[in-house]
Asks: 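Let me begin by handing over the structure; questions about it come next.
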Amino acid sequence: MPLLTDIGTLVTCAASGGQGDITPVRDAALAWEGGRIRWVGALKDLPAEYHAWDRESAAGQLVVPGLVDCHTHLAFGGWRTEEFSQRILGHSYLDIAAAGGGILSTVRKTRAASGEELGSRAAAHLAAMARLGVTTVEAKSGYGLTLDDELRLLQVYRDLGTGPQRIVPTLLAAHTVPPEYRGRGDAYVDLVCEQIIPEAARRGLARFCDVFVEEKSFSVEQGRRVLVAGKRHGLRPKIHADQITSGGGAELAAEVGAASADHLEQVSNQGIERMREAGVVAVTLPFASLYLHVAPVRARRLIEAGVAVAVATDFNPGSAPSYHLPFAMTLACTLQRMTPAESLKGAAIIAARAVGLEDEVGSLESGKSADFAVIEAESVDQWLYHLRDNACVRTVTQGREIWRA
Ligand code: NIG
Ligand code: FE
């Protein structure tokens, strides 16, 4: 049974304490067996029963929980390179969308792609994420927008879920109104509530139900219908809220008891208060703020109000074309004014909470899944401060090594 020693610092990221409490342990050891953590603590306190376990060395490096990317749009067809320079030249995200670009352009490419193509591209992204220390990935549908195409994306996630990383599938059929329903948003919401949600739930293909509440997508009333229908079928609510305009999305998240409200660049003070009362996790997505050139989310205000703040990539071909979670964590520091410790906790145990897996992953504690990353850095501060291609030298998930530099 493996015992990792020579750990310079291990941060447990246990849930207790504030956003910045990551519980560092110097000169630590970590023992696991059958994919579960058996013991974690300072080497000098290691109980005798573990002394004979097979020792592996972390060479004095930093050990962190396997990272949890709690908001991605992992499977999609094509890219949207052309929109990058269009936005730089002043065309807004919503204008591009209104002209048939944006999400709908990816919907066309996704519908035209085969299931194998969607699956092999997503698998390649996942493999790249493993090299960065990411062991759990939430993955949304939302580029199909018909019953069959949404189920097809969820099926890609089911197939990928047999691989080393954990996949948490989310149905986002209410991402935007598809062209066939142009001007008939309510009729599309009927389809989502009466056919797509029930069928995805019946096949056990989704754990969460999400909706994009935004001017050009869905209203608060439509969002409520979708999330309530999802709940009736056992899907926990999540919501894309207050990203480009402030529209009561955070308040809706609190009302329906959502696991998380995501984006929140434009969240109101009242929305923050409602989220705190209801215990909704705020998922912040610094790549989306960066690429859409909007003011970043007020993470300090959220943290000071007592809302737990997660950090994720939002990986998608439009607003966030990167799966580099450690880079997003650095941006959460620089743009959102979170400390490195706060940012890490936001991509570990708080992100795990946002996907309902806080009892399983997101912290290094005995009984939890043996998911961890070895980082070539002397501290969390130094890791997220010194931006480079990849500081992760080893990734283990469920006790199995999936990456070694
Ligand atoms: O989270 N906001 C809506 N959905 C995605 C963007 C999707 C896209 O542009 O393709 C987001 O940013
Ligand atoms: Fe998103």
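All figures in this text were calculated on a predicted structure; none of them were measured in a lab. Atoms considered below: every heavy atom in the structure, side chains included; atoms not considered: hydrogens, waters and symmetry mates. Whatever order the structure lists ligands and atoms in, that order sets their numbers, starting from 1. Residue indices begin at 1 and follow the sequence shown.
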Asks: Would you say that more than 12 heavy atoms from the other residues, nucleotides or ligands in this model lie under 6.0 Å from the CZ of Arg36, or not?
Replies: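 Counting other residues, nucleotides and ligands, CZ of Arg36 exceeds 12 neighbours.
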Asks: Please report, to 10°, the angle around the Fe ion (ligand 2) from atom NE2 (His240) across to atom OD1 (Asp314).
Replies: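 Taking the Fe ion (ligand 2) as the apex, I get 170° for this pair.
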Asks: Identify, by atom number and element, the atoms of ligand 1 in contact range of His175, meaning under 4.0 Å from any of its heavy atoms.
Replies: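 Contacts of ligand 1 toward His175, numbered from 1: 3 (C), 4 (N), 5 (C), 7 (C).
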Asks: What is the closest protein heavy atom to atom 6 (C) of ligand 1, and at what distance does it sit?
Replies: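 Atom 6 (C) of ligand 1 sits closest to the protein heavy atom Tyr93 OH, 3.0 Å.
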Asks: By number and element, which atoms of ligand 1 are closer than 4.0 Å to a non-hydrogen atom of Gly318?
Replies: 9 (O)
Asks: Would you mind naming the N, O or S atom of His73 nearest to the Fe ion (ligand 2)?
Replies: NE2
Asks: Relative to the ring of Phe327, is the ring of Phe287 parallel (under 30°), tilted (30 to 60°) or perpendicular (over 60°)?
Replies: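 If you compare the ring of Phe287 with that of Phe327, the planes turn out perpendicular.
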Asks: Any N/O/S atom of His71 sitting less than 2.8 Å from the Fe ion (ligand 2), backbone or side chain?
Replies: yes
Asks: Relative to ligand 1, is Phe76 under 4.0 angstrom through side chain, backbone, both or neither, heavy atoms considered?
Replies: neither
Asks: Is His71 in contact with ligand 1, taking contact as a heavy-atom separation below 4.0 Å?
Replies: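 Heavy atoms of His71 do come under 4.0 Å of ligand 1.
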Asks: What do we get for Ser319 next to ligand 1 when only non-hydrogen atoms under 4.0 Å count, side chain, backbone, both or neither?
Replies: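 Ser319 to ligand 1: contacts from backbone and side chain alike.
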Asks: Can you confirm whether Arg400 is buried at CZ, in the sense that more than 12 heavy atoms of other residues, nucleotides or ligands lie under 6.0 Å from that atom?
Replies: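 Not more than 12 within 6.0 Å, no.
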Asks: Under a plain distance cut-off of 3.5 Å, with no hydrogens placed, do Ser268 and Glu251 share a side-chain donor-acceptor pair?
Replies: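 Short answer, yes.
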Asks: Hey, is Arg80 touching ligand 1 through its side chain, its backbone, both or neither, going by heavy atoms under 4.0 Å?
Replies: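 It is the side chain that gets close, since no backbone atom is under 4.0 Å.
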Asks: Any side-chain donor paired with an acceptor under 3.5 Å for Asp381 and Ser379?
Replies: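 The answer is no; no qualifying pair exists.
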Asks: Below 4.0 angstrom from a heavy atom of Ile103, which ligand 1 atoms are there? Numbered from 1 as shown, please.
Replies: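 Matching atoms, with element in brackets: 7 (C), 8 (C), 9 (O), 10 (O).
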Asks: Taking only heavy atoms of Tyr143 into account, list the atoms of ligand 1 that are under 4.0 Å away from them.
Replies: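 In order of number, 7 (C), 8 (C), 10 (O).
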Asks: Please name the pair of heavy atoms, one in Leu3 and one in Tyr50, separated by the smallest distance, quoted to 0.1 Å.
Replies: CD2-O, 3.7 Å
Asks: Does any N or O atom in Thr106 lie less than 3.5 angstrom from one in ligand 1, N or O only?
Replies: no
